[in-house]
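Notes for the one structure printed next.
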Amino acid sequence: MEAEISRTRLGSYGIESMVFDGVMNIADGAHMHARLMVLPEDLDEARHILSTDAIDLDIGGAEE
């Protein structure tokens, strides 16, 4: 579930990503971790976005 939330969050910044092994993880009760994949050229920006708490971001000029 966390990987899907992160995928949606990246998408809101225009970064395409995919989640692998997420369905298997839920359906089988497996202990595999879902993998969130981005293009190499988007990796640094994606890491920055995901390392920042969503509440700290100024989305849509919230302070105006």
Side-chain angles (χ1 to χ4, degrees):
M1 183 182 290
E2 186 176 338
E4 287 294 342
I5 292 169
S6 296
R7 183 187 63 77
T8 301
R9 189 167 168 203
L10 291 175
S12 72
Y13 286 89
I15 298 176
E16 292 186 34
S17 60
M18 297 181 71
V19 174
F20 292 96
D21 302 326
V23 175
M24 179 183 294
N25 201 6
I26 294 170
D28 297 335
H31 296 328
M32 293 178 57
H33 294 283
R35 296 177 291 150
L36 179 64
M37 308 296 284
V38 298
L39 294 172
E41 58 266 24
D42 294 330
L43 183 58
D44 289 337
E45 185 177 3
R47 283 183 171 157
H48 174 73
I49 291 167
L50 295 176
S51 70
T52 307
D53 290 337
I55 196 127
D56 291 340
L57 298 175
D58 181 18
I59 299 173
E63 295 182 18
E64 295 177 9

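The structure presented is a predicted model; accordingly, all values stated were derived computationally and were not measured.
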For [X], give me all partners under side chain to side chain contact (heavy atoms under 4.5 Å, CB included), at least two apart in sequence or on another chain.
| X | value |
| --- | --- |
| Glu45 | Ile15, Ile49 |
| Ile5 | Met1 |
| Met37 | Phe20, Arg35 |

> How long is the gap from CG on Leu50 to CD on Glu2, to the nearest 0.5 Å?
Replying inline: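 So the gap between those two atoms works out to 9.5 Å.
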
>> Return the CZ to CG distance between Arg7 and Leu36, rounded to the nearest 0.5 Å.
In response: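 These two atoms lie 9.0 Å from each other.
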
